[in-house]
Amino acid sequence: MLNVGIVGLPNVGKSTLFTALTKKQVDCANFPFCTIEPNVGVVEVPDERIAVLSEMSHTQKRVPAAIEFVDIAGLVKGAHKGEGLGNKFLANIRECDMIVHVVREFVNNDIVHVDGSVDPARDVEVIELELAMADLGMVEKMHDTVTSKMKAGKAPDLAAQASAITKWKDALTAGKMANTVEFTDEERDAVRGVQLLTNKPILYIVNVNEETATKGTWVSPLGAGRLAIPISVQIEAELAGMPPEDAKMMLGELGMKESGLDTVIRKCYELLNLITYLTTGEKETRAWTIHRGMKAPQAAGVIHTDFEKNFIRAEVISYDDFVKFGGESGARDNGKLRVEGKEYVMQDGDVCNFRIGG
């Protein structure tokens, strides 16, 4: 399951956003090994295809793809040194796939900004510096360990790892993000498993007022190089508290094609290069998340590891053809059901049956 950490300064709307997201929470019984803590919400990935396939297959159960959001509380200036509550929560997002960073652009004199004034670019730099300094502490320990081993002649094959760690250390010491460092292929492979906060993809959510969120034109205050989207967290909180039909009507009145929360989830998928394939039948219609470029056996392995090991073939119909021709039998009769082997690269919206050996 995709795991996203939410960070930001106090009073930027981060917790309100998290609360709105968790109102879209899925039935966690569908996701084994999923433990829900107070600051964790497992949220449905919006996908209209699930409902369509479910109706066509007369499905008893629908299981959407899901994202786990982790709300990281209390990040303030000096968090890496133990200021505020944020330092003890930073470890929670080392295992996250990506980070959503909420910053404030709206002005409201009743909601005091922790630094006394609203300045999104400054706020981003504060949080990024805290993440960089937290990473630096980790990288310095790695650097000392690797250097000692090399001096002792115990691990002469660590040259690529040492070089990569030194590059990270130099960048982080200068207050830069780890993801700004350029590696050789050997260096990248040598540190592939290291979980640095500033090496993760980051989506910036700029919390704007209602007028800015709905007028359609917006210039990011965060400059080039940062993927930022404007969202009125206040609007999202109102939408999340409404019945679906009322929320749809409000979106129409505001001139919005989709809710900001749906935009966030979609952008998370795009940033991590993820796609969805589908399985459907009378018992269950389900969405499965995979990385773009994944081949059929590995995609089957997402359902169960034995499926990859014993893969024989995939029977694949594109979603559009499945709907156009009224289901599997109609697609087969019209030559739209394809039998694909181990080298087939999965496409978003593939409706699949996997044939597995014993």
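What you see is a predicted model; the values in this text were computed from it and never measured. Scope of the values below: all heavy atoms of this structure, side chains included, with no hydrogens, waters or symmetry mates.
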Donor-acceptor pair, side chain of Arg49 and main chain of Ala287, under 3.5 angstrom | no

Within-4.5 Å side-chain heavy-atom neighbours: Pro46 and Ile265 | yes

Does one side chain, of Glu187 or Trp168, offer a donor that lies under 3.5 Å from an acceptor on the other?
-> no

Give the C-alpha distance, both sets of side-chain angles, the deciding distance and a yes or no for salt bridge (charged side-chain N to carboxylate O under 4.0 Å, His left out) between Glu128 and Arg226.
-> CA-CA 12 Å; Glu128 287 183 351; Arg226 294 185 176 100; 3.0 Å; yes

No-hydrogen, no-angle side-chain donor-acceptor test under 3.5 Å, Thr285 and Arg62 | no

For Arg286 and Thr280, test the side chains for any donor-to-acceptor distance below 3.5 angstrom and give the result as yes or no.
-> no

Within the side chain of Glu236, is there an N or O that forms a donor-acceptor pair under 3.5 Å with the backbone of Gly260?
-> yes

Residue pairs passing the side-chain hydrogen bond (donor to acceptor under 3.5 Å, both in side chains) test with at least one member in residues 349-358, sequence neighbours excluded, are Glu315-Arg355, Glu328-Asn353, Tyr344-Asp350

On the 0 to 90° scale, with breaks at 30° and 60°, tag the Trp288-Tyr277 ring pair as parallel, tilted or perpendicular.
-> parallel

To the nearest 0.5 Å, how far apart are OG1 in Thr22 and CG in Leu261?
-> 10.0 Å

Any side-chain heavy-atom pair from Val70 and Phe18 closer than 4.5 angstrom?
-> no

Given the rule in the side-chain hydrogen bond (donor to acceptor under 3.5 Å, both in side chains) test, do Arg104 and Asn207 qualify, once you have shown the distances and angles that lead to the verdict?
-> CA-CA 5 Å; Arg104 172 179 170 180; Asn207 188 4; over 6 Å; no

Between the side chain of Ser163 and the main-chain N/O of Ala159, is any donor-acceptor distance below 3.5 Å?
-> no

Hey, could you give me the SG/CG distance between Cys268 and Asn3, rounded to the nearest 0.5 Å?
-> 10.5 Å

Is any side-chain heavy atom of Leu254 less than 4.5 Å from a side-chain heavy atom of Glu210?
-> yes

Is the closest side-chain heavy-atom distance between Lys336 and Phe322 below 4.5 Å?
-> no

Show your reasoning for whether salt bridge (charged side-chain N to carboxylate O under 4.0 Å, His left out) applies to Asp71 and Lys14.
-> CA-CA 8 Å; Asp71 183 24; Lys14 179 176 60 67; 2.9 Å; yes

Hey, is the main chain of Leu222 close enough, under 3.5 Å, to the side chain of Ser220 for a donor-acceptor pair?
-> yes

Would you give the length of the straight line joining atom CG of Asp321 to atom CG of Asn334, rounded to the nearest 0.5 angstrom?
-> 9.0 Å

Side chains of Tyr269 and Thr289: is there a donor and an acceptor less than 3.5 Å apart?
-> yes

When rounded to the nearest 0.5 angstrom, what is the spacing between CD in Gln347 and OG1 in Thr276?
-> 13.0 Å

Distance under 6.0 Å and angle within 45° of ring axis: Arg313 vs Phe311 = no

Test log, rule side chain to side chain contact (heavy atoms under 4.5 Å, CB included), inputs Arg338 and Ile317 | CA-CA 6 Å; Arg338 310 186 311 277; Ile317 306 166; over 6 Å; no

Check the side chains of Asp144 and Thr147 for a donor-acceptor pair under 3.5 angstrom, ignoring hydrogens and angles.
-> no

Take Val351 and Val316 through the test side chain to side chain contact (heavy atoms under 4.5 Å, CB included) and record every step on the way to the result.
-> CA-CA 6 Å; Val351 182; Val316 182; over 6 Å; no

Decide side-chain hydrogen bond (donor to acceptor under 3.5 Å, both in side chains) for Thr263 and Glu258; before the verdict, give the C-alpha distance in whole Å, the side-chain angles of both, and the deciding distance to 0.1 Å.
-> CA-CA 7 Å; Thr263 302; Glu258 65 179 356; 2.8 Å; yes

Run through Thr145, Leu158, Asp170, Val139 and flag the one making a side chain to side chain contact (heavy atoms under 4.5 Å, CB included) with Ile165.
-> Val139

May I ask you to decide whether Lys267 forms a salt bridge with Glu270, counting only side-chain N to carboxylate O separations under 4.0 Å?
-> yes

May I ask you to check whether over 12 heavy atoms, not counting those of Met249, lie within 6.0 Å of atom CE?
-> no

Intermediate values then yes/no, salt bridge (charged side-chain N to carboxylate O under 4.0 Å, His left out), Arg94 and Asp135 = CA-CA 10 Å; Arg94 288 210 181 273; Asp135 278 347; 2.8 Å; yes

For Lys200 and Asn179 the tightest heavy-atom approach is O-ND2, 3.8 Å

Would Lys215 and Glu211 pass as an ion pair if we require N to O under 4.0 Å?
-> no

Quick one: does Ile205's side chain get under 4.5 Å of His101's, heavy atoms only?
-> no

Side-chain heavy-atom pair Val264, Ile231 within 4.5 angstrom cut-off | yes

What distance separates Ile235 CD1 from Met250 CE, expressed to the nearest 0.5 Å?
-> 5.5 Å

Among the clusters formed by ILVMFWY side chains lying less than 4.5 Å apart, do Ile290 and Leu271 turn up in the same one?
-> no

Write down the atom of His143, the atom of Lys169, and the distance for their closest heavy-atom approach.
-> CG-CD, 3.9 Å

When rounded to the nearest 0.5 angstrom, what is the spacing between CG in Leu21 and CD1 in Ile67?
-> 9.0 Å

Heavy-atom pair of closest approach, residues Ile202 and Met177 | CD1-CE, 3.3 Å

Step by step, would you call Arg188 with Asp185 a salt bridge (charged side-chain N to carboxylate O under 4.0 Å, His left out)?
-> CA-CA 5 Å; Arg188 188 174 294 105; Asp185 290 341; 3.3 Å; yes

Does the side chain of Val100 come within less than 4.5 Å of Val7's, by heavy atoms?
-> no

Check the pair Asp333, Phe325 against side chain to side chain contact (heavy atoms under 4.5 Å, CB included), reporting the backbone distance first and the verdict last.
-> CA-CA 9 Å; Asp333 292 344; Phe325 296 107; over 6 Å; no

Passes side chain to side chain contact (heavy atoms under 4.5 Å, CB included), Val126 versus Leu9? Steps please.
-> CA-CA 9 Å; Val126 168; Leu9 291 169; 4.0 Å; yes

Salt bridge flag under 4.0 Å for residues Asp306 and Lys309 | yes

Beyond-backbone contact of Glu68 with Leu2, side-chain heavy atoms, under 4.5 angstrom = no

Counting distance only, does the side-chain N/O of Lys283 pair as donor-acceptor with the main-chain N or O of Thr59 below 3.5 Å?
-> no

Over all heavy atoms of both residues, which pair between Met1 and Asp97 is shortest? Give the atoms and the distance, please.
-> O-OD2, 3.9 Å

Same apolar cluster (I L V M F W Y, side chains within < 4.5 Å links), Val118/Ile111 | no

So which heavy atom on Leu197 is nearest to which on Ile99, and how close?
-> O-CD1, 3.6 Å

For Ala162 against Met150, the heavy-atom pair lying closest together = CB-SD, 3.5 Å

Polar contact flag, side-chain donor to acceptor under 3.5 angstrom, Asn209-Thr212 = yes

